[in-house]
Amino acid sequence: MVAPFSPTGRVEVVAQQLLGCVLSSGAVAGRIVEVEAYGAEDDAASHAFRGPTARNASMFGSPGTLYVYLIYGMHWCANVACGPPGEASAVLIRALEPVQGLDLMWSRRPKARAEVDLCSGPGKLCASLDITGDHDGVSLLRSPPGSFGPTLRRGSLHGGEEIVCGPRIGITKEVDRPWRFAISGNRYMSRPLM
DNA sequence: TTTCCGATGTACT
DNA sequence: GTACATCGGAAAA
């Protein structure tokens, strides 16, 4: 298959290329509408800032490797590693527009009050897709569409859609770097851009 | 409606 | 001991 992004591109460029792509897992799928880019040693907000550890090992994997980690002791966050060999950049998937398996998403997220709440946040979308630490390190590109595990497939922006950017959310370092990207006007993003 | 804060585990100082 | 790429319930307005 054709890779949904250029493996050796700069992380902030890859992040924008991932907008519009479809992330699926089993019978559930969503269109990526919001992401954040995280760099390597040059980005103090990145998990890779201090070099490889047991937790961030997947960030150093080949492009298309899924990096899943636990945040605040209870929520999983999914990233796509995208750096060339030796460079651990990754893109955090922040929000999806649900496109398939809505019933299953609802059953996994009974607290959701509306469809827009199903995948409008990094922890929410992992719950809806049932992405956990078990999936850390798997390739999103190797498995064919329709396979059971997490898979990424190419997508594109629709007519009239534009990419907008702003500062990343929930960090205390590098707060001014505008590395949060979203599809303009999309109602499924986690929060408005600042 | 907006704001505040507790839950809960892992990594790092 | 403290911070953390979050979420959702309770309190305030």
Side-chain angles (χ1 to χ4, degrees), chain A residues 5 10-16 18-19 21 23 30 32-61 65-83 87-98 105-137 140 150 152 163-183 186-194:
Chain A
F5 55 87
R10 296 178 58 79
V11 62
E12 70 273 29
V13 175
V14 174
Q16 295 172 67
L18 284 173
L19 292 174
C21 294
L23 181 64
I32 297 174
V33 299
E34 180 187 344
V35 297
E36 282 176 359
Y38 285 90
E41 288 83 1
D42 61 328
D43 182 3
S46 172
H47 287 177
F49 180 61
R50 291 181 178 81
T53 66
R55 176 173 71 158
N56 68 17
S58 298
M59 256 184 108
F60 291 79
T65 298
L66 185 61
Y67 167 45
V68 184
Y69 69 92
L70 189 64
I71 187 66
Y72 295 110
M74 60 187 87
H75 303 296
W76 296 104
C77 291
N79 303 251
V80 183
C82 61
E87 190 176 314
S89 57
V91 176
L92 171 70
I93 310 300
R94 282 201 59 89
L96 303 176
E97 177 178 341
M105 290 186 184
W106 277 108
S107 70
R108 288 165 174 167
R109 282 193 37 73
K111 304 279 180 63
R113 303 184 59 189
E115 184 182 317
V116 292
D117 300 325
L118 288 173
C119 301
S120 57
K124 296 176 185 179
L125 69 91
C126 281
S128 282
L129 270 59
D130 195 27
I131 292 175
T132 70
D134 290 342
H135 304 293
D136 181 47
L140 292 171
L152 191 61
I163 295 173
V164 289
C165 69
R168 294 172 291 185
I169 291 176
I171 58 172
T172 58
K173 296 164 184 163
E174 299 284 351
V175 293
D176 293 328
R177 199 185 293 217
W179 275 13
R180 178 183 177 217
F181 303 95
I183 296 176
N186 190 281
R187 52 197 283 263
Y188 295 92
M189 72 175 68
S190 63
R191 296 159 56 167
L193 281 162
M194 304 293 279

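Within every chain, numbering begins at 1; the chains are lettered A, B, ... in the order of the sequence lines, protein sequences first and strands thereafter. Below, each value reflects all heavy atoms present in this structure, side chains not excepted, and no hydrogens, waters or symmetry copies.
In this structure, NZ of A/Lys173 is placed 17 Å from P of B/dA11, rounded to the nearest angstrom. The interatomic distance linking A/Tyr72 (OH) with B/dC4 (C1') rounds to 14 Å, in whole Å. Look at CZ on A/Arg168: it is 15 Å from C1' on C/dC4, rounded to the nearest Å. A/Leu118 places its CG atom 13 Å from the P atom of C/dC7, with the value rounded to the nearest Å. Note: CG (A/Leu92) to P (C/dA5) measures 10 Å, nearest angstrom. Atom CE of A/Met194 and atom C1' of C/dA5 are 16 Å apart (whole Å). Put simply, CD1 on A/Ile71 is 14 Å from P on B/dG9, counting in whole angstrom units. Summarising the geometry, the separation between CZ on A/Arg50 and P on C/dA3 is reported as 13 Å, rounded to the nearest angstrom.
Which of C/dT6, C/dC4, C/dG8 sits closest to the side chain of A/Arg109 comes down to C/dG8. Of the candidate nucleotides C/dG9, C/dT6, B/dA7, C/dG9 has the atom lying nearest to any side-chain atom of A/Lys111. Closest approach to the A/Lys124 side chain among C/dG8, C/dA5, B/dC12 is made by C/dG8 (side chain taken as heavy atoms from C-beta onward). Listed nucleotides: B/dG9, B/dT13, C/dA5. Nearest to the side chain of A/Leu70: B/dG9.
If you find the closest nucleotide of DNA chain C to A/Arg113 and to A/Asn79, the one lying nearer the 5' end belongs to A/Asn79.
Regarding contacts with the backbone of C/dC4, a side-chain N or O of A/Thr172 is found under 4.0 angstrom from either OP1 or OP2.
Remark: the A/Glu34 side chain and the A/Tyr188 side chain contain no N/O donor-acceptor pair separated by less than 3.5 Å.
The shortest distance between side-chain heavy atoms of A/Cys119 and A/Met105 falls below 4.5 Å. A/Leu18 places a side-chain heavy atom less than 4.5 Å from the side chain of A/Leu152.
For the P atoms, the distance linking B/dC5 with C/dA3 amounts to 16 Å, nearest Å.
Nucleic acid contact class of A/Arg191 (heavy atoms, under 4.0 Å, all strands): none. Residue A/Ile169 is classed as a sugar-phosphate contact, given heavy-atom separations below 4.0 Å to backbone atoms only. Using a 4.0 Å heavy-atom cutoff across all strands shown, A/Thr53 reaches sugar-phosphate atoms only and no base atom. Heavy atoms of A/Ala54 sit nowhere under 4.0 angstrom from any nucleic acid atom.
C/dC7 and B/dG6 make up a base pair, with Watson-Crick or G-U wobble contacts both under 3.5 Å. Across all strands shown, B/dC12 pairs with C/dG1; the Watson-Crick or G-U wobble distances both stay below 3.5 Å.
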Go through A/Tyr69 and A/Ile71 one step at a time and tell me if the side-chain contact (heavy atoms from CB on, under 4.5 Å) criterion holds.
CA-CA 6 Å; A/Tyr69 69 92; A/Ile71 187 66; 3.8 Å; yes

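Tested against A/Asp43 for a salt bridge (Lys or Arg N to Asp or Glu O under 4.0 Å), the candidates A/Arg10, A/Lys173, A/Arg168 yield a single pass: A/Arg168. If you run side chain to side chain contact (heavy atoms under 4.5 Å, CB included) between A/Tyr38 and each of A/Ser46, A/Cys82, A/Ser89, only A/Ser46 comes through.
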